[in-house]
Colleague: 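The structure is given below, and queries will be raised subsequently.
Just so it is clear, the structure is predicted and the values come from calculations on it, not from any experiment. Note that these values count all heavy atoms, side chains included, but never hydrogens, waters or copies made by symmetry.
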Number of protein chains: 2
Amino acid sequence: MAYRQTPERLARDQAQRLHILQLAHAQVVEGGFAQLTMQRLAKAADIATGTLYRHFSGKGELAAEVFCMASQREVDALKEVFAAQGSAVQRLRQGVERFAARAWDSRQLAWALIAEPVDPQVEEQRLRYREAYAELFAQVLREGCAAGEFSVQYPHLVAACFVGAISEVLVGPLSPQARAQRSEHEVDDDLKRVRATLVELFLGALGAREHA
Amino acid sequence: MAYRQTPERLARDQAQRLHILQLAHAQVVEGGFAQLTMQRLAKAADIATGTLYRHFSGKGELAAEVFCMASQREVDALKEVFAAQGSAVQRLRQGVERFAARAWDSRQLAWALIAEPVDPQVEEQRLRYREAYAELFAQVLREGCAAGEFSVQYPHLVAACFVGAISEVLVGPLSPQARAQRSEHEVDDDLKRVRATLVELFLGALGAREHA
DNA sequence: GCAAGAAGTGAATCAGGATTCATACTTTCA
DNA sequence: TGAAAGTATGAATCCTGATTCACTTCTTGC
């Protein structure tokens, strides 16, 4: 007999799995998904490549999980903002600002989540999460409609537009190439303008410019 | 001596190169860039793989060129719409509608151009072209400002938002997965709603709802 | 202490395309 | 016609990582 499923063992397993995920996450934060290879990860975790496969069926699963962890954090942050007190318009504005600020804070990660070319299993999660962001926005839009703050015919589509607009306007400046060219200072200015533009655009679109 | 650079020879060369590009384009139209492999392309063109390398330094260059050809066509179409007579608001509306309609017409291609994971050389062109679309929108925005139709502080950023919104709202329904699930009829309805949403959103954002 | 079964190892293998290159074919022109 | 030089061929090779698996090292219960 050997190695039974004692709670401690299970816990240790979980812990190692988590540790691997954290290291993988760190790789992505540092250099995007391109940086995430099984050998490198194994080395970072100080285990053999084969051991990775005791925790994950393959690279796709692992990468997808890393993606989900990171994205879920963003979704939760946004959810929190949207759950706060205040009019839909106010919350929308704060949501956008928070989103942009977070992306700016960890550009490489934001870029990896939003725009880096990734393999299909990860891309699938990306679609899911974009959907999730959109759903959050859509919910606030519906609340705003219900409260008579503004009127939107297809909240879900408008929400998708918002998500797209945010992504696009961030991706340019976030992309590794762009970052290589601009100074920190310029980049901060960019953030301010981007936030202002997004807020103005969204509230304007809702015919709620003045509430802001 | 042999095979001098007679005009006919050059022309034949050009013709073959073009033919290859057209076939490559066809591959992409059919199955995205994933479908574009050197062996498959060579077979389609009925030449040896090695011969491809007489025309292109490598796959990246070839794929990038295909991407550019296809994108340039879209840019030109949009440019044409924007160059037409009419107020900025009218042209903007028509630009959006045209863009969406074209994407809908060739979904697989649109998806490949907008959202398919592609290799870095192609991704680079994608950024350039997104920039190009944005620049077209920005120009119209500036004209509208100049004409006093509306006022926008950072036309370029707003333009980027437009491009992002259009892409995002199209990508969902355009993605191969989504397409597998919905009927033609549903998809047509989607297009109508998407166009309506985009137009309303953009004109609303510009405070130009009523001009429409 | 030891046998049985888990877990860990990492060099070897595999996969799937891109790329090369020795060889064969064409064209040109003296 | 044949030597020279460009062009085409496509099987073989290379590349880059993911994945495997025979073997070693643990852990446990007796």
Side-chain angles (χ1 to χ4, degrees), chain A residues 1-21 23-24 27-28 31-67 116-123, chain B residues 1-21 23-24 27-28 31-67 116-123:
Chain A
M1 253 117 290
Y3 273 44
R4 266 167 331 151
Q5 302 289 80
T6 68
E8 302 84 60
R9 182 151 302 291
L10 282 175
R12 208 168 307 161
D13 242 47
Q14 278 307 97
Q16 187 179 37
R17 187 186 151 91
L18 189 62
H19 183 224
I20 291 170
L21 282 173
L23 289 170
Q27 300 283 351
V28 174
F33 283 93
Q35 190 93 200
L36 183 63
T37 72
M38 299 306 254
Q39 343 283 276
R40 202 195 301 265
L41 179 56
K43 193 179 292 180
D46 203 27
I47 58 177
T49 53
T51 305
L52 291 173
Y53 289 83
R54 293 193 39 63
H55 297 281
F56 306 93
S57 75
K59 178 173 180 183
E61 180 180 317
L62 195 164
E65 205 151 326
V66 170
F67 186 95
E116 184 181 0
V118 292
D119 75 9
Q121 268 178 92
V122 176
E123 187 63 34
Chain B
M1 253 120 285
Y3 273 41
R4 267 167 329 151
Q5 303 288 80
T6 67
E8 302 84 61
R9 183 153 300 290
L10 281 176
R12 208 168 306 162
D13 242 45
Q14 278 307 96
Q16 187 179 38
R17 187 186 152 90
L18 189 61
H19 183 225
I20 291 169
L21 282 173
L23 289 171
Q27 300 283 351
V28 174
F33 283 93
Q35 191 93 200
L36 182 61
T37 71
M38 299 306 255
Q39 342 286 275
R40 203 195 301 267
L41 179 56
K43 194 179 289 179
D46 202 26
I47 58 177
T49 52
T51 304
L52 291 173
Y53 290 82
R54 290 193 40 62
H55 297 281
F56 306 93
S57 76
K59 177 170 183 189
E61 180 179 317
L62 195 164
E65 204 151 328
V66 170
F67 186 95
E116 183 181 1
V118 293
D119 75 8
Q121 268 177 93
V122 176
E123 188 63 34

Colleague: Any chance you could list the contact pattern along nucleotides 9-22 of chain C? Use B for base contacts, S for sugar-phosphate-only contacts and - for none, protein heavy atoms under 4.0 Å, 5' to 3'.
Modeller: BBB------BBB--
Colleague: In whole angstroms, how far is the P atom of D:dT27 from the CG atom of A:Asp13?
Modeller: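 Going from A:Asp13 (CG) to D:dT27 (P), I get 13 Å.
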Colleague: For residues 45-53 of chain B, run the donor-acceptor check on the side chains, cut-off 3.5 Å, and write out each pair with its distance to 0.1 Å, sequence neighbours left out.
Modeller:
none

Colleague: Can you tell me how far C1' of D:dG10 sits from CG of B:Leu41, to the nearest Å?
Modeller: 15 Å
Colleague: Would you mind reading off the distance between B:Arg12 atom CZ and D:dA8 atom P, rounded to a whole angstrom?
Modeller: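 The answer, rounded to whole Å, is 10 Å.
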Colleague: Is there a side-chain contact between B:Phe67 and B:Leu62 (heavy atoms, below 4.5 Å)?
Modeller: no
Colleague: Pair up each side-chain donor or acceptor in residues 34-41 of chain A with any protein partner under 3.5 Å, not counting sequence neighbours, and list the distances.
Modeller:
from: A:Thr37; atom 1: OG1; to: A:Arg40; atom 2: N; distance (Å): 3.1
from: A:Arg40; atom 1: NE; to: A:Gln35; atom 2: O; distance (Å): 3.0

Colleague: Can you tell me how far apart CD (A:Gln27) and CZ (A:Phe33) are? Round to the nearest 0.5 Å.
Modeller: 11.5 Å
Colleague: Once you round it to whole Å, what is the distance between C1' of C:dA7 and CG of A:Leu52?
Modeller: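 That distance rounds to 13 Å.
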Colleague: Tell me the interatomic distance from A:Phe56, atom CZ, to D:dG17, atom C1', rounded to whole angstroms.
Modeller: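 The distance from CZ of A:Phe56 to C1' of D:dG17 comes to 18 Å, rounded to the nearest Å.
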Colleague: Would you give the length of the straight line joining atom CG of B:Leu18 to atom CG of B:Asp13, rounded to the nearest 0.5 angstrom?
Modeller: 12.0 Å
Colleague: How long is the gap from CD1 on A:Ile20 to NE2 on A:His55, to the nearest 0.5 Å?
Modeller: 4.5 Å
